[in-house]
Every structure is written in structure tokens, then in C-alpha cells.
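Residue numbering restarts at 1 for every chain, and letters A, B, ... go by the order of the sequence lines.
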Amino acid sequence: MLDIKLIREQKDFVKNEIAKLFIEAPIDEIYELDEIRRNKLFIVENLRNKRKVLSAEIAKEKDAAVLQSKKEEVKEINEQIKEEEDLLKGIEEKFNRLMLEVPNLPESEVPIGKDDSENIPVSYFNEKKQFSFTPTTHYDIGEKKKFIDFNRGAKISGTRFYILRNSFAKLQRAVINFMLDTHVYEHGYEEIYPPFMVNKECLIGTGQLPKFADNLYMDSDSDMWFVPTAEVPITNMYRNEILNSNELPIYHAAYTACFRKEKMSAGKDSRGIKRGHQFDKVELVKIVKPEDAREELFKLIADAQDILNRLDLPHRLVKICTGDLSFSAAEKYDIEVYAPGINEWLEVSSCSNFNTFQARRANIKFKRENDSKPEFAATLNGSGLALPRVMIAIIENYQTIDGNVRIPEALKQYFGSEEFI
RNA sequence: GGAGAGAUGGCCGAGCUGGUCGAAGGCGUUCGCCUGCUAAGCGAAUGUAUGUUUAUAAAGAACGUACCGAGGGUUCGAAUCCCUCUCUCUCCGCCA
């Protein structure tokens, strides 16, 4: 959520910034509604004050006739209050609804661009591997060795579900442990195991709702929503809290399964394990002082990249342009790993700085000093990393000519004496 | 799932026979005094959000409104009474 004062005082600037995102937002409407809202609030508050004063007089009034007339007077005021309050409530509901639909403003460093075709790969890491044979895909290897069971996955759960078996299941578990261990022991994150289901407030807090409900699974009679990413439970741990500045920065790393309907990408990426309704992910979340947000973003990106470096996987960093920024993000970088079998750059991480946008929605504040005014904190997050695509990259990059997969050096400690799977 | 108890400010904890209660008291924190140093002692300050007016380079100031788990109701007036919901604790049942 944006600061209403920013819209109130610099409406044209806000409109200009949002134009860079190539989407529409009802800024003019909000601006007008804000003024109407404040006028109405003023009226209501004055009426309430009148009532309060009269009530205090009634408490002291001795004369029965005067008492009665004052009571009547308050009753009339109450009717007015009721009327005005109803109007105010309607105005505020609309105002809040519109405010929740306004996206975050981009950082000035974000390149202007219409859509993902204008994202900019800024740097490349680790050489692509040279193969003496034509590398095949992870799904061919997986099916041949019976380590991925697509048919049974579809049988028990439907399309876009698969079953990992045997060595691939073990590999995935090893990668999860490896990533968590690295972030927790090497990068200084606190490990978190959160619920995989959350209430609606959380999803509003981090910005998935109200706009993106169609990508979320939920239990309709208990207001329980499956998390689409650990960002949601982790960031919302601090919802409605005022943190001490000595608690900042907060670094959290969490493994969760993630659930997404992926309706909008129907038909896309249907082959393999690249895009499913359920996938595992290790997520990094930071809560920091606003002035530190950008610097923390680059540190977070480095932490995520470190996983790929330790696995010796070729990857690149892509700067996301304004038109491809997600709703809540002010600045975003994707990390894409190269998979030689399917010959694609796969997004394994999306690292975003939200500035105070999510904190405003989730009401996450901090105090600089004991006696200073609470301020909104900045939040950031990034995958560190998304499992299926790291699996694809490992399988396809480490495949051997005889159809096996060599276990990467960094993962050996998670296996016994095995060299290949 | 059944029975009962509870939810108050950073924390603890009064108030709950309705009326200067945004809320006693204590602890904590901050500032000042005192003091070889520290501790103790003494004094003062110390919730959040928002509106109006005013002011500034900023910060602010004055006044108002809302908030005692959430939402509704009764009343001239609700932390206090009534209803619904959520959560916590205790006991019983069930269970990975």
C-alpha cells in the first residue's frame, strides 16, 4: 500500500510512476475519495464530541426537566451520527478497496520496459558445461530410471502433479537441507518452520490478495489458504507489530511446499517438473530499516546465488523491468539457471525489495529509539531457491553419457558413499 | 468433540454494583538530581492510529476522534451490562 499522503501531496508524481508499470490504478479516484472521506470524518468527529459533552452534563444535571431535554437532544445527535457514520463507512470501504489495488512504485534504477521481453540479463556466472554427447532432458532421465512418475502423479492428484521416487526424492531432500544449512550456518539466517496454511489477512499483507485470488488454493469454510510461497507466513509473523530497532535486520530462511493454481499459465510449461501446482522452495525473507533496503537486496541476491555457485551451476542475473515487476515490488532481480537438456534459462529465484509497501499493508513497524515514533519497516524476499528447477538444473547439468547423474560435490555430505544416482 | 476459566498499555496487574478511565499500582525504559564509580535513593517523562487548526528548513504544538481480543446490541453515556465470533489456559474424550 502506498502512503495516502504521497497521493494527496504528489498525485502527479504517483501517476507518472505508475504509468511506468504499464498498468492502470485509480489514483484520481482515490485522491477525490480521500478528500470526501476527511470531510465526512470531520463531521462525524464533531458530532461525537457534542454527544460526549452533553453526556457529561447529563451526569451532573439535577433538574429533571433539563435532564430529559438533554437526553432528547443526544438522541437526535445519535441519529445524525448513525446516518453520517454509515456514509463514512461506505466511503472508507471503497477508499480502502481502491488503495489495496494500487501497486508499489518502482525504484528509479528499474529500467522502463513494457513486459518480460524488456528484462535485462545483467551478468553471467559459471561456464555452461561442455558435453561430449547431446544432453537429454530431466524428464527423459527421470522416466527412464523411474525416478519421476508423471502418470501416477496425475492419477492421484491430477494434471501438473508428479511423484518423485527413490534417488530423485532423496536428491530433493538433500538439496533442501543443503540450501537451509548454507543460509542458516553460512549466511546468518534464522531457520523458520511456518504453517503451510494461513488466514486471509496474511495474503492481503503481502499483496497476493485481493488481486490474485485466482492463483490460490483455499478451504472456503474456514478461511484457510494454502501458502503460494513462504514469504506469506514469514513476513506476516510480524504483522501488527512494532519492532525494536535492535531486532533489525531480521533474516529468515524457511522451507515450505508452495501451492499455486497456475490458471494463468495453462498450457505453458506442461512438460517435466518445471511448473506444478505444488512445489518446494526455500525462501529468504528480510525485514530491515528502509534506508538499508537496497543494500540488503543485493546481499540477498548474493546469498541466493551462492547456492548455485556451490553447486557449480551456470546462471545469470536478470534485472526486471517496470512492466514485469510484481504488484508489491519496487525492484526485482531474477536468477535464472541454465538447463542444457531442455535448453532453457529457468527462473529459480525472484528477489524483490518491497520498501515499505508490504509493511504498510501488514502494519509492520519499528522504533529507532525507545521514545521515537514508530516507522514502517522495509521487507524483502527471494527464493533461495525453488526446488524443482534446481533439480532440473542438477539433473541436466550433471548427467553422464550412460544416463546417470553425478552427485554435485556440495551435496555429497548428504549422501552416503554414492557418486552417481 | 464435551465441561469450565480467561483475554486490559512494553510487561505484570487493578477496575468489571455503567459516568472526568486512555485507564490505579508495580516493573521496565528514558531524562535529570544525588554519588569516588556502580548500585540504591529522589524527581519527571513514557501507548497506537487518525482528523482539524497552527507552525517550521525539518521536527513540532494545540485541540478533537477512535482503540481495554474482534464484531454487533442496550443506554443520554460501556473496559464495565447483553449477544455472536476468535484465541488462550485447565479437566475429560480422541489421536499422528
Side-chain angles (χ1 to χ4, degrees), chain A residues 1-10 30-96 98-100 193-205 218-225 233 236-248 250 257 290-291 356 358-377:
Chain A
M1 198 155 53
L2 299 184
D3 187 349
I4 181 59
K5 283 187 206 133
L6 188 66
I7 295 177
R8 204 181 286 159
E9 287 159 17
Q10 301 186 56
I30 287 171
Y31 181 86
E32 285 163 27
L33 219 45
D34 174 51
E35 201 160 311
I36 295 168
R37 182 187 124 255
R38 278 150 62 213
N39 286 337
K40 195 54 86 183
L41 185 60
F42 186 66
I43 291 168
V44 169
E45 286 183 351
N46 282 331
L47 283 170
R48 282 179 185 153
N49 181 243
K50 232 178 177 176
R51 171 175 65 190
K52 193 177 166 182
V53 170
L54 276 170
S55 285
E57 288 174 17
I58 288 170
K60 291 177 195 154
E61 187 57 58
K62 294 287 192 305
D63 186 307
V66 179
L67 191 74
Q68 197 50 40
S69 89
K70 284 196 170 171
K71 282 190 182 183
E72 292 302 324
E73 198 179 336
V74 175
K75 274 191 178 176
E76 273 171 42
I77 291 172
N78 272 338
E79 273 170 42
Q80 283 182 61
I81 290 178
K82 178 99 177 65
E83 206 172 296
E84 297 293 341
E85 271 181 344
D86 285 347
L87 290 170
L88 179 65
K89 208 172 158 187
I91 294 162
E92 283 186 331
E93 267 166 23
K94 187 168 186 196
F95 175 78
N96 291 333
L98 293 179
M99 283 295 281
L100 288 176
Y193 175 78
F196 290 10
M197 298 185 88
V198 295
N199 58 38
K200 184 189 263 164
E201 301 306 311
C202 292
L203 291 148
I204 291 171
M218 69 158 329
D219 172 32
S220 56
D221 50 41
S222 67
D223 182 36
M224 294 301 290
W225 302 65
N236 279 284
M237 281 167 64
Y238 301 100
R239 181 150 49 88
N240 291 332
E241 290 195 21
I242 299 171
L243 302 160
N244 289 323
S245 90
N246 61 19
E247 294 177 84
L248 302 181
I250 289 170
E291 65 270 25
T356 58
Q358 289 182 329
R360 280 209 154 74
R361 292 176 153 243
N363 190 27
I364 301 169
K365 295 188 165 180
F366 76 102
K367 282 187 178 183
R368 289 184 192 275
E369 303 294 340
N370 230 303
D371 54 352
S372 47
K373 275 258 166 284
E375 297 172 46
F376 287 110

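- If you find the closest nucleotide of RNA chain B to A:K50 and to A:N39, the one lying nearer the 5' end belongs to A:N39.
- In this structure, the CD atom of A:E241 is 20 Å from the P atom of B:G47, given to the nearest Å.
- When the side-chain nitrogen and oxygen atoms of A:K70 are compared with OP1 and OP2 of B:G77, none of them lie within a distance under 4.0 Å.
- For the pair A:R37 and A:E93, the salt-bridge criterion is not met [side-chain N within less than 4.0 Å of a carboxylate O].
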**Complete:** For RNA chain B, the dot-bracket notation using Watson-Crick and G-U wobble pairs below 3.5 Å, [ ] for pseudoknot-type crossings and | for other-strand pairs, is ((((((((.[[[..)...(.....]]]((((((.......))))))((((((((.....)))))))).[[[[[..)....]]]]])))))))....
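- One interatomic measurement links the two molecules: NZ of A:K373 to C1' of B:A61, which rounds to 13 Å at whole-angstrom precision.
- A:R360 comes within 4.0 angstrom of nothing in the nucleic acid, heavy atoms only.
- Within the structure, every side-chain polar atom (N or O) of A:K52 is placed at least 4.0 Å from both OP1 and OP2 of B:U20.
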Please produce a list of atom pairs where a protein N or O lies less than 3.5 Å from an N or O of nucleotides 84-88 of chain B.
none

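- Between A:R48 and B:C67 there is no side-chain N or O to OP1 or OP2 distance below 4.0 Å.
- For A:R38 and B:U52, the shortest distance from a side-chain N or O to OP1 or OP2 is below 4.0 Å.
- Between A:N78 and A:F42, it is A:F42 whose nearest contact on RNA chain B lies nearer the 5' terminus.
- Nucleotide B:U53 holds its P atom 12 Å from the CG atom of A:L41, rounded to whole Å.
- Distances shorter than 4.0 Å separate some side-chain N or O of A:N49 from OP1 or OP2 on B:U65.
- Using a 4.0 Å heavy-atom criterion, one finds that A:K367 contacts the sugar-phosphate atoms exclusively.
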